[in-house]
**Q** 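One structure is given below, represented as structure tokens, and several questions about it will come after.
Residue numbering restarts at 1 for every chain, and letters A, B, ... go by the order of the sequence lines.
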Amino acid sequence: MSTAYEPKAIEKKWQDIWQEEKAFAATEDYTKPKYYALVEFPYPSGQGLHVGHPRPYTALDIVARKRRMQGYNVLYPMGWDAFGLPTENYAIKNHIHPRIVTHNNVARFKQQLMSLGYSFDWDREINTTDPNYYKWTQWIFLKLFKAGLAYKSEMPINWCTSCKVGLANEEVVNGVCERCGGEVVRRVRSQWMLKITAYADKLIDDLDGLDYIERVKVSQKNWIGRSYGAEVDFSIKDKEEKLRIYTTRPDTLFGVTYMVLSPEHPYIDKFRDEIENWDEIAAYREQAARKSDFERSELAKEKTGVPIKGLVAVNPVNGKEIPIWISDYVLMSYGTGAIMAVPGHDERDWEFAKKFGLPIIEVVAGGNVEEAAFTDVATGTLVNSGFLTGMEVADAKKAITDWLVENKVGTPKKNFKLRDWVFSRQRYWGEPIPIVKCEKCGYVPLPESELPLKLPDVESYMPTDTGESPLAAMTDWVNTTCPCCGGPAKRETDTMPQWAGSSWYFLRYTDPHNDEALASPEALKYWMPVDWYNGGMEHTTLHLLYSRFWHKFLYDEGVVPCPEPYQKRTSHGMILGENGEKMSKSRGNVVNPDDIVNEFGADTLRTYEMFIGAFDLSASWSQEGVKGCRRFLDRVWKLQDLTVDGDAYSSDLETKMHQTIKKVDSDYESLKFNTAIAAMMGLVNQFYKKGSITRGELRTFLILLNPVAPHITEQMWQDMGYEGRLYQASWPVYDEAKTVENTVEVAVQMNGKMRGTVTIAVDASKEDALAAAKEALGTRLKGEIVKEIYVPGRIINIVVKG
RNA sequence: GCCGGUGUGUCGGAAUGGCAGACGAGGCAGACUCAAAAUCUGUUGUGGGCAACCACGUGCGGGUUCAAGUCCCGCCACCGGCACCA
């Protein structure tokens with residue numbers, strides 16, 4: 001009899017052995033085939049590890065361990081995305097330096113991750129707050145600056161009047177500060193911006209060659225929001241200036257009945273003297289300016305606006321004079337800040353026209369424009385549209401665009417919803433921006449030799465009243481000399497956002513200790529791109545887009561060897577509390593992974609998290625389910641007592657063995673860990689039913705289970721006296737021919753309804769199969785047979801009439 | 001409103017158009033035990049029938065097919081994201 005299964009007695013022991021033997025170190029042998037598996041590195045929060053973390057980590061740990069057993073040189077690294085607001089706020093509240101808070105949190109996280117037995121290569125651990133790391137974050141920023149992709153711009157930010165602090169959009173809830181409930185207003189500040197829009201086309205087009213799950217691609221495309229249309233110049237009566245608009249429906253130009261300017265449109269001030277109802281316009285504009293984003297969207301349903309008296313636009317296609325309105329449903333930040341309104345074929349324009357009694361002209365047949373805007377572009381023929389009348393929408397678009405170009409009143413134009421990236425934070429705990437401002441020379445980049453520009457060790461990192469970064473108070477640090485002219489200059493006091501460090505960290509893992517470059521060209525050439533990257537859906541449009549942007553830029557600069565950082569991207573679902581709600585302290589449904597490891601063991605936690613359900617869907621925690629997985633591992637442990645001699649598979653289980661290898665192998669590849677584990681549970685049940693397992697069967701079984709439950713299997717491997725370590729074993733292969741039984745149970749149906757089963761040879765002829773089926777049906781088979789269907793190995797269906 | 005996702009036993013969840021409910025949990029019955037826990041064995045969709053068996057059953061309504069949880073059309077509910085992008 002074996003001793004009882006005691007995870008505590010074996011898990012720490014094997015973790016230490018693996019560490020000592022450098023079992024999972026990626027080697028520098030660039031002749032071997034490589035595999036780079038990556039999970040998003042965590043933000044080391046003060047709460048410690050959440051049970052959500054192990055889900056993706058275990059999933060790719062399974063893939064990494066399997067790849068090693070398949071002979072790959074595997075890179076599976078881990079690190080810390082440690083700059084950020086929560087640490088800074090905690091530091092302020094508790095009067096501990098953020099560096100120390102980070103250090104403590106990282107230590108705790110690392111200890112917790114270690115206790116789960118992940119095969120991370122800990123020699124490559126990185127930390128975004130390490131000056132040796134952020135030196136290269138700053139280096140990339142300088143490259144962006146020199147390439148003209150980093151620039152300063154006036155931008156409104158969210159300002160909490162009570163905390164006196166700039167807030168991220170996510171920190172503004174229902175128009176008030178998330179933390180104190182204080183009023184949030186918009187303040188205009190000069191901010192560093194990154195020109196991600198310069199890569200908008202590539203960020204969409206290059207998705208085609210990538211193995212990303214479809215919904216990630218769709219989200220990225222929608223976020224970038226590319227549209228094709230035309231810019232058209234409307235003349236303004238008795239004026240030289242043209243009113244330029246953007247439209248995706250130039251084909252509807254004959255249906256324009258009015259124009260709308262955004263309240264921020266420069267023409268309003270420009271033509272102030274001509275506007276007869278200036279007071280009314282000014283009042284509307286002020287009202288719009290006062291609205292927060294929240295209020296603007298709340299009031300989105302009810303359109304508001306004021307006609308501008310004294311200005312009249314002229315439609316270039318037919319010379320018709322049309323009124324110009326001002327309304328906040330037109331945004332200054334998209335297109336030209338002005339639109340042509342076609343109420344017959346645009347829902348917003350239709351709503352506005354109905355409210356203010358403006359005319360509606362039908363120019364595309366197919367709907368009833370008095371009832372609703374007709375926006376279908378697939379069907380419909382142009383009417384009331386001069387030379388376009390009679391054309392289909394697609395043809396009309398092309399014809400009118402040609403006409404606009406020919407008559408020099410418009411051009412084809414492509415637009416994006418994507419905005420440039422606001423890259424400044426008025427905070428202490430982030431990477432300093434390596435720029436100084438000189439009165440004479442303007443914004444001057446620090447020379448590379450001065451990197452890293454370290455965060456000064458301030459006494460107080462409290463936010464200031466003025467909305468400036470706490471760094472601004474550090475006059476010794478701020479006042480410097482200009483690298484260009486040597487005159488007095490001031491350092492930039494804003495820091496980078498948390499997204500900066502995570503936008504290139506996957507490159508650093510390939511060569512984490514390099515002092516000469518962010519990574520050596522050889523390491524990058526060998527390891528990149530990442531073969532499989534898994535992370536949360538919440539990072540689809542921010543982190544994933546930002547890091548692709550940086551990578552593409554570095555590719556254009558010749559720093560990295562490939563245009564895309566990640567070949568494959570998958571996403572995991574959330575783990576919810578037992579009540580099906582998101583885990584949170586206030587709901588009291590938080591499960592601490594440490595407790596599960598203590599009570600059941602790391603292997604049980606790993607197995608359960610993989611068994612809980614489909615990997616990409618959210619799943620509710622169940623303590624009973626955890627117990628079931630522990631019970632399974634107990635049964636695995638006791639297989640040792642059933643072992644009999646024999647390196648081969650026993651004849652009655654041979655097929656089952658080959659089937660299970662095939663199933664587990666393919667399920668691990670397609671993230672179907674729950675069914676892989678179910679298959680292994682089924683196999684264990686068979687061993688018990690039979691009452692014995694050969695050494696050869698157990699050996700294969702241990703390898704299959706190892707990626708999920710590495711400690712128990714490694715221990716059993718040793719106890720059974722198999723050669724070497726289990727982590728060094730080779731992944732088993734199956735024989736396709738041996739995955740099929742000689743005889744098979746086939747369902748028998750009559751008129752498509754189940755009537756029983758027959759056991760026949762797997763390659764039985766149709767005649768034999770039908771004969772067997774008819775015998776099984778016996779007297780129940782009556783009436784005239786009209787059709788007989790036989791799908792070998794699957795089903796026999798006899799269709800009768802009468 | 002738009003985009004994406006999800007609806008299957010008591011619960012978590014399985015099912016290349018081919019035996020719905022694998023696997024796990026829970027329940028019930030039994031074995032072991034003085035007893036309980038643990039463990040082991042059996043059983044477990046609903047209704048009818050002593051039984052063989054029959055009928056019904058994958059959110060709702062239609063359809064295609066010899067055969068639909070799966071494909072098509074039209075809805076409903078819930079979850080997540082975006083929100084006047086011309």
**Q** From CG of L781(A) over to P of C53(B), roughly how many Å is that when rounded to an integer?
**A**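 L781(A) atom CG is separated from C53(B) atom P by 16 Å.
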**Q** Going by the rule salt bridge (charged side-chain N to carboxylate O under 4.0 Å, His left out), which residues pair with R635(A) if we only count those two or more places apart in sequence or in a different chain?
**A**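 If we apply the salt bridge (charged side-chain N to carboxylate O under 4.0 Å, His left out) test to R635(A), skipping adjacent residues, there are no hits.
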**Q** Can you tell me if the side-chain N/O atoms of N685(A) get under 4.0 Å from OP1 or OP2 in G24(B)?
**A**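 For G24(B), OP1/OP2 do have a side-chain N/O of N685(A) under 4.0 Å.
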**Q** Using side-chain heavy atoms (C-beta onward) and a distance below 4.5 Å, is R215(A) in contact with D616(A)?
**A**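 A side-chain contact under 4.5 Å exists here.
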**Q** Applying salt bridge (charged side-chain N to carboxylate O under 4.0 Å, His left out) as the test, list every pair that has at least one member in residues 250-263 of chain A; sequence neighbours left out.
**A**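 Non-adjacent pairs meeting salt bridge (charged side-chain N to carboxylate O under 4.0 Å, His left out): R249(A)-D251(A).
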**Q** Regarding R755(A), tell me which of base, sugar-phosphate or nothing describes its non-hydrogen contacts under 4.0 Å with the strands shown.
**A**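 Here R755(A) touches the backbone only, sparing every base.
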**Q** Using the test side chain to side chain donor-acceptor pair (under 3.5 Å), find all partners of K582(A) that sit at least two apart in sequence or belong to another chain.
**A**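 Testing K582(A) for side chain to side chain donor-acceptor pair (under 3.5 Å), a comparison that skips the adjacent residues, returns none.
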**Q** Can you list, by residue number, the residues of residues 658-666 of chain A that have a non-hydrogen atom closer than 4.0 angstrom to RNA chain B?
**A**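 Under 4.0 Å from RNA chain B: no residue of residues 658-666 of chain A.
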**Q** Of M340(A) and G625(A), whose closest RNA chain B nucleotide lies nearer the 5' terminus?
**A**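 The 5'-side residue here is G625(A).
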**Q** Would you please say whether a donor-acceptor pair under 3.5 Å links the side chains of Y228(A) and T401(A)?
**A**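 No, no side-chain donor-acceptor pair sits under 3.5 Å.
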**Q** Tabulated below should be each protein N or O lying under 3.5 Å from an N or O of nucleotides 7-13 of chain B; please produce it.
**A**
from	atom 1	to	atom 2	distance (Å)
G12(B)	O2'	I612(A)	O	3.1

**Q** For E40(A) and H543(A), does a side-chain donor sit closer than 3.5 Å to a side-chain acceptor?
**A**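 No, because no side-chain N or O of E40(A) sits under 3.5 Å from a partner of the opposite role on H543(A).
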**Q** Which dot-bracket string fits RNA chain B when only Watson-Crick or G-U wobble pairs with both atom distances under 3.5 Å count, crossing pairs get [ ], and | stands for a partner on a different strand?
**A** (((((((..(((.....[....)))((((((.......))))))((((....))))..(((((..]....))))))))))))....
**Q** For the side chain of T248(A), starting at C-beta, report the closest nucleotide among A86(B), G26(B), A15(B).
**A**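 My answer, after comparing the listed nucleotides, is A86(B).
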**Q** If you only use heavy atoms from C-beta on, which nucleotide in U39(B), A86(B), G18(B) is closest to the side chain of R631(A)?
**A**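 That would be U39(B).
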**Q** Look at the side chain of I795(A) and decide which nucleotide, out of C56(B), A86(B), C19(B), has an atom nearest to it.
**A**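 Closest of the options to the side chain of I795(A): C19(B).
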**Q** Pair up each side-chain donor or acceptor in residues 766-773 of chain A with any protein partner under 3.5 Å, not counting sequence neighbours, and list the distances.
**A**
from	atom 1	to	atom 2	distance (Å)
K766(A)	NZ	E788(A)	O	3.1
D768(A)	OD2	S765(A)	OG	3.3

**Q** Return whichever of R794(A) or G682(A) has its heavy-atom-nearest nucleotide of RNA chain B closer to the 5' end.
**A**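 First, find each residue's nearest nucleotide; the 5'-ward one identifies R794(A).
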**Q** Is the shortest side-chain N/O distance from R780(A) to OP1 or OP2 of C54(B) below 4.0 Å?
**A**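 Yes, within the criterion.
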**Q** Could you give all pairs that pass the side chain to side chain donor-acceptor pair (under 3.5 Å) test and reach residues 409-419 of chain A, with sequence neighbours left out?
**A**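 Those involving residues 409-419 of chain A are D201(A)-K414(A).
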**Q** Taking only N/O atoms, report every protein-nucleotides 1-3 of chain B pair under 3.5 Å with atom names and distance.
**A**
from	atom 1	to	atom 2	distance (Å)
C3(B)	O2'	N222(A)	ND2	3.1

**Q** Choosing from C23(B), A15(B), A86(B), which nucleotide comes nearest the side chain of L331(A)?
**A**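 For L331(A), the side-chain atoms sit closest to A86(B).
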**Q** What protein N or O atoms touch nucleotides 66-70 of chain B N or O atoms at under 3.5 angstrom, if any, and at what distances?
**A**
from	atom 1	to	atom 2	distance (Å)
C66(B)	OP1	K787(A)	NZ	3.4
C66(B)	O2'	N797(A)	ND2	3.2
C66(B)	O2	N797(A)	ND2	2.5

**Q** Could you tell me whether K753(A) contacts a base, only the sugar-phosphate backbone, or nothing, with contacts defined as non-hydrogen atoms closer than 4.0 Å?
**A**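 Counting heavy atoms under 4.0 Å across all strands, the contact made by K753(A) is with sugar-phosphate only.
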**Q** Excluding sequence neighbours, so at least two apart, what forms side-chain contact (heavy atoms from CB on, under 4.5 Å) with K663(A)?
**A**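 Partners of K663(A) by the side-chain contact (heavy atoms from CB on, under 4.5 Å) criterion, ordered by chain and then number, come out as D667(A), T675(A), A679(A).
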**Q** Using a cut-off of less than 4.0 Å, is there contact between a side-chain N or O of R635(A) and OP1 or OP2 of C40(B)?
**A**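 R635(A) to C40(B) OP1/OP2: side-chain N or O found under 4.0 Å.
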**Q** From the list A86(B), C54(B), C84(B), which nucleotide is the closest neighbour of the side chain of D346(A)?
**A**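 Nucleotide nearest to D346(A)'s side chain: A86(B).
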**Q** Can you confirm whether Y668(A) sits close enough to V708(A) that some side-chain heavy atom of one is under 4.5 Å from a side-chain heavy atom of the other?
**A**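 The answer is yes, as the side chains (C-beta and beyond) meet within the 4.5 Å cut-off.
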**Q** Please state the C1' separation for the pair G12(B) and G48(B) - nearest whole angstrom.
**A**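 Taking atom C1' in both G12(B) and G48(B), they lie 31 Å apart.
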**Q** Are E624(A) and S622(A) linked by a side-chain donor-acceptor pair shorter than 3.5 Å?
**A**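 Short answer, no.
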**Q** Could you list the residues that satisfy side chain to side chain donor-acceptor pair (under 3.5 Å) with K354(A), not counting sequence neighbours?
**A**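 With sequence neighbours excluded, K354(A) shows a side chain to side chain donor-acceptor pair (under 3.5 Å) to E370(A), given in chain and number order.
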**Q** How many Å lie between CD1 on I798(A) and C1' on G18(B), as a whole number?
**A**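 Between C1' of G18(B) and CD1 of I798(A): 15 Å.
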**Q** Do T3(A) and W637(A) make a side-chain contact, defined as non-hydrogen atoms from C-beta onward lying under 4.5 Å apart?
**A**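 The answer is yes; the side chains approach within 4.5 Å.
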**Q** Would you indicate what K672(A) reaches in the nucleic acid, counting non-hydrogen atoms under 4.0 angstrom: base, sugar-phosphate, or nothing?
**A**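 Touches sugar-phosphate only.
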**Q** Among A25(B), C23(B), C82(B), which is the nearest nucleotide to the side chain of W223(A)?
**A**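 Closest nucleotide to the W223(A) side chain: C82(B).
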**Q** What is the distance, to the nearest angstrom, from the CG atom on D328(A) to the C1' atom on C84(B)?
**A**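 Whole-Å distance recorded here is 9 Å.
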**Q** Among C19(B), C23(B), U16(B), which nucleotide has an atom closest to any side-chain atom of M681(A)?
**A**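 Ranking C19(B), C23(B), U16(B) by closest atom to the M681(A) side chain puts C23(B) first.
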**Q** Is there a side-chain polar atom (N or O) of S227(A) under 4.0 Å from OP1 or OP2 of A86(B)?
**A**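 Yes.
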**Q** Send over the distance from L633(A) CG to U39(B) P, rounded to a whole Å.
**A**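 Whole-Å distance recorded here is 13 Å.
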**Q** Using atom C1' in both nucleotides, what's the gap between G9(B) and U58(B) to the nearest angstrom?
**A**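 Between the two C1' atoms, the distance is 10 Å.
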**Q** Give a yes/no on whether any side-chain N or O of K638(A) is located under 4.0 angstrom from OP1 or OP2 of A38(B).
**A**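 No, K638(A) has no side-chain N/O under 4.0 Å of OP1/OP2 on A38(B).
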**Q** Please determine whether the number of non-hydrogen atoms from other residues, nucleotides or ligands lying under 6.0 Å from atom NZ of K195(A) exceeds 12.
**A**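 No, the 6.0 Å shell around NZ holds no more than 12 heavy atoms from other groups.
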**Q** Decide salt bridge (Lys or Arg N to Asp or Glu O under 4.0 Å) for K221(A) and E214(A); before the verdict, give the C-alpha distance in whole Å, the side-chain angles of both, and the deciding distance to 0.1 Å.
**A** CA-CA 11 Å; K221(A) 283 179 189 165; E214(A) 198 52 32; 5.3 Å; no
